[in-house]
Each structure stands twice: as structure tokens, then as C-alpha cells.
Amino acid sequence: MSLRVGFLGYRFMGRAHANALARLPMFFPDAPAVERAVLIGRDEEALTEAVDRLGFDRYVTDWTAAIDDIDILYNLGPNNLHAEPSIAALEDDVHVFCEKPLAHTLEAAEEMAAAARTSDGRTGIAFNYRFVPAIQLARELIERGELGEIYHVRARYLQDWLADPEAPWSWRNDESVAGSGALGDLGAHSIDLAQFLLADRVERVSGHLRTFVDERPVPDGAGGIDGDGGGSETRPVTVDDAFSTQATFEGGAMGTFEASRMATGHDNGNVIEVNGSKGSLRFDLERLNELDVKRPDGRGFETVLVTEEDDPYGDRWWPAGHVLGWEHTFVHENAAFLDAVESGNKYEPDFEDGLQVQRVLDAIERSDERGERVDV
Ligand code: SOE
């Protein structure tokens, strides 16, 4: 019996997750069978085209009409649309896989996590970078104590699709929809990755948010990274273009985080480095098959190509050196989530993990508003 899946949203993340589901039968034949049943959106013309291209059976323009006919809801909509459909699905014991960040506000994230605690549906949040083989190897090295006591984690996520002040306005620039800008869109990934690698939690932060461009032209179509853009009217930007934060972890490590969508020259510069008493490691998404490691007996950093058969996911794809791409992280996270749905195993990261990240995001915003260090 196939698991019936509904996607709320069908643009950038819709393509990434539909592609991932399409890859599973060939590369993860042990994953449960999935039927891409229904596509949910508002623009019927766009849905008509997307339903065939993404391999779905049908589309609806009202999400409430879909919940009863699916086993899993993928909530890929704008951040302010994460809570209501996900909570409704969980109340019907429908499983929910939600894009990051969990919600546009801490309050909505708490409501989602509360619904998850009383539902038979499993939850997942799409922090896909946990599923990069090099990141999984990095976590193993830290878990095995090869870096010793962890002193520092330093993460930055730099893009430049908004570097041009004329780059079009989109929902990602609207606080009422997105909740925050680079902080929640990119910083959420860095904070989750740091907590995942260290198996630790951020407990105190000192945050700084900055908006460089206060208004942007409204696109004729869907603007921003999700589509084309460029128009005459302008709308205010009510979220951060960039943020930086100093953080303290419960275990004592120091954290430094930064993200920007105006870092000219950076396409998708998600970099994280961990320094310990015996060694260090460094990962850069733009070189995602590689992990730079400073081993205890090494003279400096050595670059490891994480594509061996016994590396994480190495037995799933190609021979050593036949490198993977960004889209493979979505295949890995979908295989893991569907396995949890079928086997009843816990899936990480779930809505509790998403709520923890949301608490850190909220603390960073409170710290910026107050101009002082804040407890998470
Ligand atoms: C846009 O900044 C974006 O698509 C993020 O929303 C994703 O989470 C990141 O993986 C790529 O960039």
C-alpha cells in the first residue's frame, strides 16, 4: 500500500522534494512506496503545469480538501502557512514534513510542537544539510572524541540574491509572512547544524540584525529566489538582510553565527567549522563532498573526499569520487523520514528540534531589540 503524499507548495522546495521522492525507488528501494497524490496551491494555471511536471495525480486549491485523502502532508509553503495546515493534519494523525524554519513566530512553532506531542503522526523539519555525507562524517568524528573538547563552532551562511537593491521584493522580505529574513531563512540552518554536530544546545545569545535596503520593487510574477521578478511598484522590507550572533552552548562551547542575503559574490556559502582541544573540522556547502579535517597527528587541515563506499550514504550512489550534489541531501532526508513513518522510529530533526531552533531565533531577535545578551 503506497503512502499518499500531498505537497502544499510546488515551487523551489516542491521541485527539490518531488525530485527526491522520484529517486527513492531506484536508490532507496527499501524506502516505503509513495504516491505523489495531490498538489496544493492557489494559482490554478501554475498548478496545472506543476502537477504533471512534479508527477502528481491531481491538484486542489484548498488545503482543507486534501488532508483527509493523504497519509503525509509536506508543508512547503511560506513560513506563516506552516502552522495551521500542519496542526490540522496532525489532529487527523496525518504525518507532517515541514520546510524550515518551523514557523514565522515562536508562538506558532510552539503550537506546532504541541500538536505533534499529542498526534500519532510523525513530524520532520527539512534541515536537509544534516543529511550531507560530509556532515554526518563530521558528527561521527566529534561523537568519537577525535576533536577532543569542543571550544568553538563558527557558522556562516552567505548568499547574494538580494545584493542588488533593485532585486525584487518577495514574501521572504515580509515579516508578517517570513517572520525574519536571513536569520530564519539561512541562520536556522547554521544553528541547527551547530546543535546537531555538537549534540548540544545554544543557551545564551547576543544578536545583531541589519536591513540594508528598506524597500524593493514588486515583481510582476513570484519574486525572489523562488521565481523571476522586476516591477514598478515598491514594498517595504520588514525583515533583516543579515544577522550576526555570539552564542554560548550549554556544554560551554562558544558559537559565532552570521548570515546574509547581500554578501556579494556568495551563491550558497553555507560554511561551518568546529575547533576542539585535539582537532578541527570545516565544511563548505559549495564543496559539499569534502570535509577539511585537522587530526590530532596531522600537521594542518587535510581535505577528505567523503565518497567512499563505507562513508555515510556511500553505498547508495556511485563509486568513490563520483561526487554528489545539493539535491541528494533531499533524497537522504526523505528516505529517513519515510522510514520513520513506516517503522514508527523517531525521526530527527522533528518538530521539537525545529522548536529549539525557533527559540534561538527568537532570542537573537530579542537580544537585538534590547541591545543585551539574552537567555534562549
Ligand atoms: C533561500 O535562501 C534558500 O532557498 C533557503 O530557503 C534554503 O533553505 C537553502 O537551502 C537555500 O537557499
Inset, instruction - Classify the side-chain pair Glu35/Ser2 by whether it contains a donor and acceptor separated by less than 3.5 Å. - result: no
Inset, instruction - State whether a side-chain donor-acceptor pair under 3.5 Å links Thr303 with Arg287. - result: no
Legend entry - Test item: side-chain donor near acceptor, Asp267 and Gln159, under 3.5 Å: no
Inset, instruction - Nearest 0.5 Å please: distance from the CD atom of Glu140 over to the CG atom of Asp311. - result: 8.0 Å
Inset, instruction - Give a yes or no answer on whether the side chain of Asn75 reaches the backbone of His82 with a donor-acceptor pair at less than 3.5 Å. - result: yes
Inset, instruction - With Arg139 as the cation and Phe196 as the aromatic partner, state whether NZ or CZ is under 6.0 Å from the six-membered ring centre and within 45° of the axis. - result: yes
Legend entry - In one Ile/Leu/Val/Met/Phe/Trp/Tyr side-chain cluster, 4.5 Å: Val304, Trp318: yes
Inset, instruction - Check whether any side-chain N or O of Asp93 sits under 3.5 Å from a backbone N or O of Asp120 as a donor-acceptor pair, and report yes or no. - result: yes
Legend entry - Charged N-O contact under 4.0 Å between Arg4 and Asp69: no
Inset, instruction - Give a yes-or-no answer on whether the side chains of Asn275 and Ser280 include a donor-acceptor pair shorter than 3.5 Å. - result: yes
Inset, instruction - May I ask you to say whether Asp185 pairs ionically with Arg261, meaning some side-chain N is under 4.0 Å from a carboxylate O? - result: yes
Legend entry - Glu45 atom CD, over 12 foreign heavy atoms within 6.0 Å: no
Legend entry - Interatomic distance, Ser206 atom OG to Glu372 atom CD [nearest 0.5 angstrom]: 9.5 Å
Legend entry - Distance-only polar pair, side chains of His17 and Glu99, donor-acceptor under 3.5 Å: yes
Inset, instruction - Mind listing the closest non-hydrogen atom pair of Val202 and Val376 along with its distance? - result: O-CG2, 3.5 Å
Inset, instruction - Measure from the side-chain N and O atoms of Asp43 to the backbone N and O of Ala46, and report whether any donor-acceptor pair falls under 3.5 Å. - result: yes
Legend entry - Electrostatic pair Glu302-Arg295, nearest N-O below 4.0 angstrom: yes
Legend entry - Passing option when Phe12 is tested against Phe330, Trp161, Trp326 for ring pair (Phe, Tyr, Trp, His ring centres under 6.0 Å): Trp326
Inset, instruction - Taking Thr238 for its side chain and Glu175 for its backbone only, find out whether a donor-acceptor pair lies under 3.5 Å. - result: yes
Legend entry - Closest approach of Ala194 to Val153 (non-hydrogen atoms, all atoms of both residues): CB-CG2, 3.9 Å
Inset, instruction - Look at the aromatic rings of Phe131 and Tyr313 and report parallel, tilted or perpendicular, splitting at 30° and 60°. - result: tilted
Legend entry - Test: Glu273 and Arg154 ion pair at under 4.0 Å: yes
Legend entry - Gap separating the CG atom of Leu193 from the CZ atom of Phe257, nearest 0.5 angstrom: 9.5 Å
Legend entry - Rounded distance (nearest 0.5 Å) linking atom NE2 of His95 with atom CD1 of Ile72: 6.0 Å
Inset, instruction - Describe, in one word, how the ring planes of His189 and Tyr157 are oriented to each other, choosing from parallel (under 30°), tilted (30 to 60°) and perpendicular (over 60°). - result: tilted
Inset, instruction - Working to the nearest 0.5 Å, report the span between CD of Glu352 and NZ of Lys346. - result: 7.0 Å
Inset, instruction - Could you state whether Val271 and Ile135 fall into the same hydrophobic cluster, counting links through intermediate Ile, Leu, Val, Met, Phe, Trp or Tyr residues with side-chain heavy atoms under 4.5 angstrom apart? - result: no
Inset, instruction - Kindly state whether the ring of His328 and the ring of Phe27 have centres lying under 6.0 angstrom apart. - result: no
Inset, instruction - State, to 0.1 Å, how close Val51 and Tyr59 come at their nearest heavy-atom pair, and which atoms those are. - result: CG2-N, 4.1 Å
Inset, instruction - Indicate yes or no for a side-chain donor-acceptor contact from Arg36 to the backbone of Leu54 under 3.5 Å, with no hydrogens or angles considered. - result: yes
Legend entry - Arg316/Asp30 ion pair, N-O < 4.0 Å: yes
Inset, instruction - Say whether Asn19 and Arg23, considering side chains only, have a donor N or O and an acceptor N or O under 3.5 Å apart. - result: yes
Legend entry - Spatial distance of atom CZ (Arg235) from atom CG (Asn173) [nearest 0.5 Å]: 10.5 Å
Inset, instruction - If the plane angle is over 60° it's perpendicular, under 30° parallel, otherwise tilted; pick one for Trp317 and His332. - result: tilted
Inset, instruction - Please test Tyr74 against Asn334 for side chain to side chain contact (heavy atoms under 4.5 Å, CB included), starting from the C-alpha separation and ending with a verdict. - result: CA-CA 11 Å; Tyr74 278 61; Asn334 273 277; 2.5 Å; yes
